[in-house]
Q: 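Take a look at the following structure, please.
Every chain is numbered from 1 and lettered A, B, ... according to where its sequence line falls, protein lines coming before strand lines. Worth knowing before you read on, the calculation uses all heavy atoms, side chains too, and leaves out hydrogens, waters and symmetry mates.
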There are 2 protein chains.
Amino acid sequence: MLFTTATGYALRALAGLPEDGSFCLAKDLAARLDIPGPYLAKILQGLVQSDLLESVRGPKGGFRLTRPAHRITVGEVVAALEGPDSLDGCIMGFPTCGGDHPCPLHEAWGAVKAQVATSMTQATIRDLQLMDLRHLKEAKDRSGGSRP
Amino acid sequence: MLFTTATGYALRALAGLPEDGSFCLAKDLAARLDIPGPYLAKILQGLVQSDLLESVRGPKGGFRLTRPAHRITVGEVVAALEGPDSLDGCIMGFPTCGGDHPCPLHEAWGAVKAQVATSMTQATIRDLQLMDLRHLKEAKDRSGGSRP
DNA sequence: TTAATTTAGGACTAATCTGTCCTATTGTAT
DNA sequence: ATACAATAGGACAGATTAGTCCTAAATTAA
């Protein structure tokens with residue numbers, strides 16, 4: 001996949017938080033979205049430092065979005081997890097690709113990057129919520145419960 | 001980058017082989033393209049098993065293409081190094097993305113994948129040769145010789 | 001105040017990718 | 001035959017990512 005699994009987990013988690021702004025426990029999110037609990041906790045803590053989430057410790061604590069879902073773009077989340085320039089660089093890894101030495105895929109990949117970047121800045125967490133992430137857990141349950 | 005560094009090395013190496021069909025030593029290629037020698041040797045051995053290169057051991061040995069450069073596509077090389085389905089899967093890593101549960105980037109990414117796939121099957125090693133890879137080594141020399 | 005709950009943060013393990021090293025094995029030349 | 005040069009292949013080391021585990025700190029409730 002183009003993004004890391006941690007980024008995918010972060011996107012799922014943000015979309016899985018309750019829309020009413022109430023706090024949600026990391027372990028509940030993890031169970032509902034079928035993500036390894038301690039790993040998701042780490043990722044959520046990072047999102048707090050990136051100011052996309054806020055957290056409260058102790059009973060009745062948890063995580064919630066710092067902004068409404070429609071005001072957090074997918075691009076922001078990707079940038080927080082993978083840095084702001086994750087799409088830069090030659091698709092083939094040629095260190096000198098560009099300008100006067102374009103690789104054969106330079107132009108095609110440039111157009112593609114622009115399109116992906118645009119999509120990422122337009123798509124928001126709200127769009128992800130519309131995906132109905134419940135089927136993630138259901139798909140796991142149907143496929144036989146415990147994994148090896 | 002979208003591909004692994006090993007794939008990038010493989011593409012550079014194939015493009016760097018002499019066009020007259022003569023055999024070329026792994027270490028010469030590595031020095032000319034500024035790629036770690038033993039690692040490149042491993043990659044070239046894999047390309048032999050993928051039938052993109054043929055090799056001869058001993059003095060006067062080395063590697064050469066099994067086919068003319070214009071008959072080896074970038075897609076073949078990528079498939080040999082990363083498997084035939086390296087572009088499949090949801091860009092965000094959603095395991096259930098597709099069909100009735102598309103992610104917000106599903107459509108854009110689908111179009112992008114098709115475009116990249118097409119470019120990869122159209123671009124050949126010959127196109128890479130036209131890049132003039134000599135500047136890789138020159139760029140390294142200019143930037144101060146030994147790396148940390 | 002005490003106990004329970006939950007995030008914060010660091011250390012640790014496992015897997016993969018990148019890269020190195022050493023020892024065959026094969027081929028050429030003397 | 002012998003020495004030498006090159007690929008073949010495996011074991012090994014380092015870096016990064018994925019994931020686990022344990023302890024500390026903060027908050028609530030009794």
Side-chain angles (χ1 to χ4, degrees), chain A residues 1-13 17 22-31 33-66 78 80-83 86 89 93 95 147-148, chain B residues 1-13 17-18 22-31 33-66 78 80-83 86 92-93 95 146-148:
Chain A
M1 103 185 80
L2 185 59
F3 304 135
T4 66
T5 74
T7 300
Y9 289 167
L11 290 167
R12 280 196 232 169
L17 290 172
S22 61
F23 286 92
C24 178
L25 299 187
K27 65 177 179 184
D28 292 348
L29 250 186
L33 301 178
D34 191 21
I35 296 175
Y39 193 36
L40 178 60
K42 275 250 147 66
I43 293 168
L44 295 179
Q45 286 163 23
L47 292 172
V48 169
Q49 300 208 333
S50 301
D51 215 44
L52 293 172
L53 288 182
E54 56 189 345
S55 64
V56 167
R57 301 201 246 200
K60 303 289 177 187
F63 298 87
R64 73 174 174 193
L65 301 177
T66 54
V78 172
L81 271 287
E82 308 187 7
S86 61
R147 270 209 250 261
Chain B
M1 101 186 84
L2 184 58
F3 304 136
T4 65
T5 74
T7 300
Y9 290 166
L11 289 167
R12 280 196 233 170
L17 289 172
S22 61
F23 285 91
C24 178
L25 300 186
K27 65 177 177 183
D28 291 348
L29 250 187
L33 302 178
D34 191 21
I35 296 174
Y39 193 38
L40 178 61
K42 276 252 143 69
I43 293 168
L44 295 179
Q45 287 162 24
L47 292 172
V48 169
Q49 301 208 331
S50 301
D51 215 45
L52 293 172
L53 289 182
E54 57 189 344
S55 64
V56 167
R57 299 201 248 200
K60 303 292 177 186
F63 298 87
R64 72 174 175 194
L65 301 177
T66 54
V78 173
L81 271 286
E82 307 187 9
S86 61
M92 292 189 183
S146 64
R147 268 208 252 262

Q: Tell me whether the OP1 or OP2 atom of D/dA8 has a side-chain N or O from B/Gln49 closer than 4.0 Å.
A: no

Q: Rounded to the nearest Å, what distance is computed from the CG atom of residue A/Asp34 to the P atom of nucleotide D/dG19?
A: 11 Å

Q: What nucleotide among C/dT20, C/dT7, D/dA8 has an atom nearest to a side-chain atom of B/Tyr39?
A: C/dT20

Q: Between the side chains of B/Thr66 and B/Glu54, does any donor sit under 3.5 Å from an acceptor?
A: no

Q: I'd like to know whether A/Leu53 forms a side-chain contact (heavy atoms from CB on, under 4.5 Å) with A/Leu65, so could you lay out the CA-CA distance, the side-chain angles of the two residues, the decisive distance to 0.1 Å, and finally the verdict.
A: CA-CA 5 Å; A/Leu53 288 182; A/Leu65 301 177; 3.7 Å; yes

Q: Please tell me which of the listed nucleotides, D/dA5, C/dT18, D/dT7, lies nearest to the side chain of B/Ser55?
A: D/dT7

Q: Choose from C/dT7, C/dA4, C/dA29 the nucleotide whose nearest atom is closest to any side-chain atom of B/Lys60.
A: C/dA29

Q: Using the closest heavy atom to pick a nucleotide of DNA chain D for each, name whichever of A/Val56 or A/Gly37 lands nearer the 5' end.
A: A/Gly37

Q: DNA chain C: A/Gly58 or B/Thr4, which has the more 5' nearest nucleotide?
A: A/Gly58

Q: Among C/dG10, D/dT28, C/dT7, which nucleotide has an atom closest to any side-chain atom of A/Pro59?
A: D/dT28

Q: For A/Lys42, answer base if it contacts any base atom (sugar-phosphate contacts may also be present), sugar-phosphate if it contacts only those atoms, and nothing otherwise; contact means non-hydrogen atoms under 4.0 Å.
A: base

Q: What is the distance from CG of A/Leu44 to P of C/dT7, rounded to the nearest Å?
A: 8 Å

Q: Taking the side chain as C-beta and beyond, is there a heavy-atom pair between A/Thr7 and A/Ile43 under 4.5 Å?
A: no

Q: Using side-chain heavy atoms (C-beta onward) and a distance below 4.5 Å, is B/Tyr9 in contact with B/Pro36?
A: yes

Q: Kindly point out which of D/dA8, D/dA29, C/dT7 is positioned nearest to the side chain of A/Leu25?
A: C/dT7

Q: Grab the CD1-C1' distance between B/Ile43 and D/dA8 for me, whole Å please.
A: 15 Å

Q: Measure from NZ on A/Lys27 to P on C/dT6 and round the result to the nearest Å.
A: 5 Å

Q: Could you give the CD-to-P distance, from A/Gln45 to D/dA24, as a whole number of Å?
A: 16 Å

Q: Find the distance B/Leu29:CG to D/dA6:P and express it as a whole number of Å.
A: 14 Å

Q: Round to the nearest Å and state the distance from B/Phe23 atom CZ to C/dG27 atom P.
A: 12 Å

Q: Of the options C/dC21, D/dG19, D/dT7, whose atoms approach the side-chain atoms of B/Pro38 most closely?
A: C/dC21

Q: Does B/Ala41 reach a base, just sugar-phosphate, or nothing at all? Heavy atoms under 4.0 Å.
A: nothing

Q: Are any side-chain N or O atoms of A/Arg12 and backbone N or O atoms of A/Leu33, one a donor and one an acceptor, separated by less than 3.5 Å?
A: yes

Q: On DNA chain D, check which nucleotide each of B/Ala26 and A/Thr5 is closest to and give me the residue with the more 5' one.
A: B/Ala26

Q: Please pick, from D/dG19, D/dA25, D/dG9, the nucleotide with the shortest atom-to-atom distance to any side-chain atom of A/Arg57.
A: D/dA25

Q: Expressed in angstrom and rounded to an integer, what is the separation of B/Glu54 atom CD from D/dT7 atom P?
A: 14 Å

Q: Could you measure the distance from the CG atom of A/Leu29 to the CZ atom of A/Phe63? Nearest 0.5 Å is fine.
A: 9.0 Å

